[in-house]
Amino acid sequence: WSNGTLTISGLKLVGTKGSYTLTLSDTDHPYVADPVSGVAAATGSTTLAFGAAHHVTVTSTPATARNRFAFGSDVTVEVRDSGGNRVEDSTANVTLAVKSGDSGTFDGSGPSVTVAAVAGTATFDKYSLTLKQVSISDSASSTSVRLTATSTGLQSGDSSGITVSA
């Protein structure tokens, strides 16, 4: 506090981007308090924007797929900040692979596929994604396969299971 101005160092706001109203109150300094409420308060507004890239999140996958056939829909992965916001200026390369420990690999492209994000979203074309070598036991007609998205320097993200049939 100095000359009626409060300076807060190291304040970090993390959350969903958008507009917010901030209210600061202080019950320990009644000499600067509102005479009616007895609370020292100040109100201001701020807008949170996206922050630095922190992790990747698989945002859409097909629910089902067939072994050795192209996916029925695209897979999308978002580059996100620590608050979960899509980093709208990211062009990071994102790599998609079958999660370690799950059965299968991608056909024709090797064990993984890499695309560059556009405006923070990497879109993997359904026609370029064909699973092969998925192990489906004789007693089951399908199995669940998860995908892992990675990008250099960021935390990885896994998809929910895709039910793969023979």
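FYI, side chains are in, hydrogens and waters are out, and symmetry mates aren't considered; it's all heavy atoms of this structure.
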### Backbone N/O of Ala119 and side chain of Arg86: donor-acceptor pair under 3.5 Å
yes
### Summary
In this structure, CD1 of Ile136 is separated from CG of Asn67 (nearest 0.5 Å) by 5.0 Å
### Message
Quick one about Thr76 and Ser60 (side-chain donor to acceptor, distance below 3.5 Å, no hydrogens or angles considered), yes or no?
### Response
yes
### Euclidean distance, Arg66 CZ relative to Ser142 OG, rounded to 0.5 Å
12.5 Å
### Message
When you compare the side chain of Thr123 with that of Thr121, does any pair of heavy atoms fall below 4.5 Å?
### Response
yes
### Side-chain touch Val94/Val79, heavy atoms, less than 4.5 angstrom
yes
### Query
At what distance, to the nearest 0.5 angstrom, does CZ of Phe124 lie from CG of Leu147?
9.5 Å
### Query
Which pair of heavy atoms, one from Asp81 and one from Val87, lies closest together, and at what distance?
N-CG2, 3.6 Å
### Message
So Gln155 and His54, do their side chains get closer than 4.5 Å, heavy atoms only?
### Response
yes
### Message
Can you give me the closest heavy-atom contact between Asp102 and Ser144, atom names plus distance?
### Response
OD2-O, 4.3 Å
### Query
Shortest non-hydrogen contact from Thr130 to Arg68?
CG2-C, 3.4 Å
### Task
Specify the closest pair of heavy atoms between Phe106 and Val98, including all atoms of both residues, with the distance to one decimal.
CE1-N, 4.2 Å
### Summary
In short, Ser159 meets Thr61 closest at the heavy-atom pair CB-CG2, 3.8 Å
#### Entry: Side-chain touch Phe50/Asp89, heavy atoms, less than 4.5 angstrom
yes
### Query
Between the side chain of Ser103 and the main-chain N/O of Gln133, is any donor-acceptor distance below 3.5 Å?
yes
### Task
Report the distance from atom CG of Leu131 to atom CZ of Phe69, rounding to the nearest 0.5 Å.
12.5 Å
### Message
Given 3.5 Å as the limit, does a donor-acceptor pair link the side chain of Thr57 with the main chain of Thr59, or not?
### Response
no
### Query
Can you name the closest pair of heavy atoms from Thr143 and Ser135 and give their distance?
CG2-O, 3.7 Å
### Task
Identify whether the distance between the nearest side-chain nitrogen and carboxylate oxygen of Lys126 and Asp74 falls below 4.0 Å.
no
### Summary
Between the OG atom in Ser73 and the CG atom in Leu129, the distance rounded to the nearest 0.5 Å is 9.5 Å
### Arg146 and Asp158 ion-paired at < 4.0 Å
no
### Message
Quick one about Asn93 and Thr114 (side-chain donor to acceptor, distance below 3.5 Å, no hydrogens or angles considered), yes or no?
### Response
no
### Summary
Between the CD atom in Glu78 and the OG atom in Ser90, the distance rounded to the nearest 0.5 Å is 10.5 Å
